[in-house]
Amino acid sequence: MGTSVTVIVGAGQAGSELATSLRQHGYADSVVLIGDEDYVPYRRPPLSKTYLSDEVTLESLFLKPRAAYEKHAIECRFGIGVESIDRAARSLRLYDGSVLRYDKLALTTGGRPRRLSVPGAERSNVHYIRTVAGIDRLKQQFGEGKRLVIIGGGYIGLETASVGIKKGLHVTVVEALPRVLARVTAPEISAFYERVHRGHGVDLRTGVGVHALEGSGDTCTVVLADGTRLAADLVVIGVGLIPNTELAEAAGIEVSNGIVVDRYAVTSDPDIVAAGDCTNHDNVFLGRRLRLESVPNALEQARVAAASILGRPRVYDAVPWFWSDQYDLKLQMVGLSQDYDDLIVRGDMDANSFTAFYLKDGVVISADSVNRPQDFMVAKRLVAERAAVPSERLRDDAVPLKSLLQATA
Amino acid sequence: MTKIVFIEHTGTEHVIEAENGKSVMQTAVDNMVPGIVGDCGGCCSCATCHGYVEKTWVAKLPPKTDDESMMLEGALAVQDNSRLTCQISVQPELDGLVVRLPASQL
């Protein structure tokens with residue numbers, strides 16, 4: 001190993017991938033990976049799905065075993081947080097008082113759940129979905145017959161509702177906006193998911209906020225803005241993510257709804273890169289800045305950040321994509337649908353098998369596929385190519401989607 | 001332990017002693033084999049663990065599920081021997097399995 005040191009702060013999926021990518025591309029100097037959770041870096045998506053439903057083990061969430069990091073000389077320091085960055089001295093102070101020197105620094109600090117700021121929200125039966133520790137605590141109360149109230153009808157809330165139904169809980173979802181998934185999908189798709197959840201027995205209430213959580217002991221009452229009182233044994237809150245930017249901000253690194261990075265994942269300090277949920281990046285494909293909360297973004301941005309550290313910069317130009325599993329529905333999404341002017345549905349919503357294409361000025365900008373992985377794979381390419389496809393052909397299930405790709409090539 | 005051989009598109013070989021029960025994708029990731037990404041973690045949502053199984057092995061593998069077939073249907077550079085390696089569990093009878101990796105997973 002050489003004498004240069006790269007320190008990675010944040011041992012989530014971005015941090016782990018950044019370390020891996022450095023080694024895969026021949027980085028021979030020291031790599032230190034620091035994380036404040038006690039665990040080896042793990043996959044978070046199963047936390048609201050198969051880990052909550054007890055279908056998978058904790059070990060299966062680990063991206064790779066600890067031995068893999070050690071074998072590739074990635075020094076792991078887990079269970080310890082970073083207190084401050086001294087950019088002038090190029091050093092970090094950890095909460096145990098130790099000081100670490102760096103030559104290159106990577107910030108992959110992720111995010112934390114937005115807390116619900118109503119009276120009574122700090123109770124032992126109120127839960128958030130983000131960490132293994134949080135889910136382990138939730139699981140102890142997540143028993144058959146319990147009354148579960150979920151606040152927030154986004155992906156986290158709806159996935160949790162799906163697991164709740166599967167495990168025999170009585171599930172209520174409260175969403176302040178007029179429809180679920182309002183920030184990310186078309187009204188037609190929201191309506192589809194609302195039907196599905198209600199069909200499975202979820203008491204879904206939209207267009208009503210939460211006023212307070214009342215009561216004491218093992219149960220509580222969720223008081224809605226319209227005065228409705230819902231008795232609950234446990235409450236899960238899924239109302240968004242706050243990027244962990246405080247460390248960067250205190251060090252004078254530019255922050256604006258995320259740590260600001262350029263298209264090479266470099267921050268306002270040329271020796272510091274950042275990747276994942278904590279960043280606000282210049283997205284070349286979309287032609288604007290944004291912060292994304294997604295695993296594919298965390299991983300690919302981490303690889304771009306590693307390339308910058310290696311001195312072989314490449315542009316981050318990936319098309320955003322996402323997935324969500326609820327009941328027997330495999331939802332895969334590509335692109336961002338904001339500002340679409342036409343929605344084309346291919347397939348059969350009633351049969352739970354369709355793809356919704358979002359178009360703007362005749363160009364496919366986004367797609368949501370339900371139980372149609374083959375459509376999704378082609379949709380990814382249509383979006384990446386900014387394909388202009390006649391809407392009749394997109395809609396016609398008899399026309400192979402792949403043929404539309406060739407037509408636009 | 002079961003021997004699995006990964007061959008990158010550049011020809012670089014990685015001979016791995018794999019743990020039975022893990023997926024072939026996870027085996028590659030655990031050993032930091034370049035060329036397999038596995039972004040979705042094995043839930044068959046991304047097709048970034050695409051590999052070409054050496055022809056003699058094709059018939060010895062468990063058949064594809066509908067999800068895997070459909071994902072491959074839309075993937076890039078697919079061949080008859082294409083598989084998503086997250087869907088193949090390492091078992092003793094796969095000792096010596098050879099998987100060639102595509103130039104790109106993305």
Side-chain angles (χ1 to χ4, degrees), chain A residues 13 16-17 19-26 42-46 49-50 56 59-65 67-69 71-72 74 294-300 303 317-319 321-325 330-333 369 371-382 384 400-402 405, chain B residues 1 6 8-10 12 14-50 64-78 82-84 86-87 89-90 101-102 104-106:
Chain A
Q13 295 203 224
S16 172
E17 187 65 19
T20 300
S21 191
L22 285 173
R23 287 292 182 243
Q24 284 178 335
H25 291 91
Y42 59 88
R43 302 182 174 97
R44 295 192 196 276
K49 308 178 185 83
T50 49
V56 299
E59 287 68 32
S60 75
L61 303 191
F62 296 154
L63 292 163
K64 42 180 82 75
Y69 298 93
K71 187 177 167 196
H72 290 84
I74 295 163
S294 88
V295 167
N297 173 63
L299 297 176
E300 183 58 15
R303 293 173 198 129
D317 59 359
V319 180
W321 71 273
F322 315 86
W323 78 91
S324 174
D325 299 324
K330 184 185 189 74
L331 171 62
Q332 296 162 293
M333 301 150 274
S369 287
N371 291 343
R372 289 221 168 189
Q374 74 280 36
D375 282 6
F376 168 71
M377 292 300 289
V378 180
K380 256 179 129 171
R381 290 155 67 183
L382 288 170
L401 265 191
K402 263 194 168 172
L405 261 181
Chain B
M1 298 296 253
F6 295 97
E8 290 182 61
H9 76 285
T10 54
T12 306
H14 302 262
V15 180
I16 308 287
E17 288 299 327
E19 199 179 308
N20 292 319
K22 278 201 173 174
S23 73
V24 171
M25 176 278 283
Q26 189 64 50
T27 300
V29 169
D30 283 356
N31 290 279
M32 298 197 190
V33 173
I36 283 205
V37 179
D39 275 357
C40 77
C43 66
C44 207
S45 286
C46 71
T48 61
C49 62
H50 178 198
K64 293 172 205 161
T65 61
D66 288 349
D67 274 355
E68 184 185 347
S69 298
M70 288 191 285
M71 289 293 288
L72 280 171
E73 205 182 307
L76 289 170
V78 178
S82 286
R83 290 296 303 256
L84 296 182
C86 72
Q87 300 298 304
S89 170
V90 174
L101 305 178
S104 169
Q105 293 284 359
L106 300 173

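Reminder, nothing fancy here: chain letters follow the sequence lines and each chain counts from 1.
Within 6.0 Å of CG on B/N20 lie more than 12 heavy atoms contributed by other residues, nucleotides or ligands.
Contact count versus chain B (heavy atoms, under 4.5 Å) is highest, among A/A67, A/P65, A/A68, A/A318, for A/P65. Ranked by heavy-atom pairs under 4.5 Å with chain B, the list A/L63, A/D375, A/V378 is led by A/L63. Each of B/C40, B/C43, B/S45 has some count of heavy-atom pairs under 4.5 Å with chain A, and the biggest count is that of B/S45.
Only the side chain of A/I74 has a heavy atom closer than 4.5 Å to any heavy atom of chain B. Of the two parts of B/Q26, only the side chain, counted from C-beta on, holds a non-hydrogen atom closer than 4.5 Å to a non-hydrogen atom of chain A. Neither the backbone nor the side chain of A/E17 comes within contact range of chain B, judged by heavy atoms closer than 4.5 Å. Contacts between A/F376 and chain B at a heavy-atom distance below 4.5 Å involve the side chain alone, from C-beta outward. Only the side chain of A/K380 comes within contact range of chain B, with heavy atoms under 4.5 Å apart.
Note that CH2 of A/W323 is 7.0 Å distant from SG of B/C46, once rounded to the nearest 0.5 Å. How far CG of B/L76 is from CZ of A/R381: 4.5 Å, rounded to the nearest 0.5 Å. Atom CG of residue B/D39 and atom CZ of residue A/R43 lie 10.5 Å apart, to the nearest 0.5 angstrom.
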Chi angles and distances behind the side chain to side chain contact (heavy atoms under 4.5 Å, CB included) call for B/M70, A/R372: CA-CA 7 Å; B/M70 288 191 285; A/R372 289 221 168 189; over 6 Å; no

Report the C-alpha distance between B/C44 and A/K330 in whole Å, list the side-chain angles of each, state the deciding distance to 0.1 Å, and finish with yes or no for side chain to side chain contact (heavy atoms under 4.5 Å, CB included). CA-CA 10 Å; B/C44 207; A/K330 184 185 189 74; 4.0 Å; yes

B/M32 vs A/K71, side chain to side chain contact (heavy atoms under 4.5 Å, CB included): CA-CA, chis, key distance, verdict: CA-CA 10 Å; B/M32 298 197 190; A/K71 187 177 167 196; over 6 Å; no

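The shortest heavy-atom contact between B/V29 and A/K64 is O-CE, 3.3 Å. When all heavy atoms of A/M377 and B/A47 are compared, the closest pair comes out as CE-CB, 3.5 Å.
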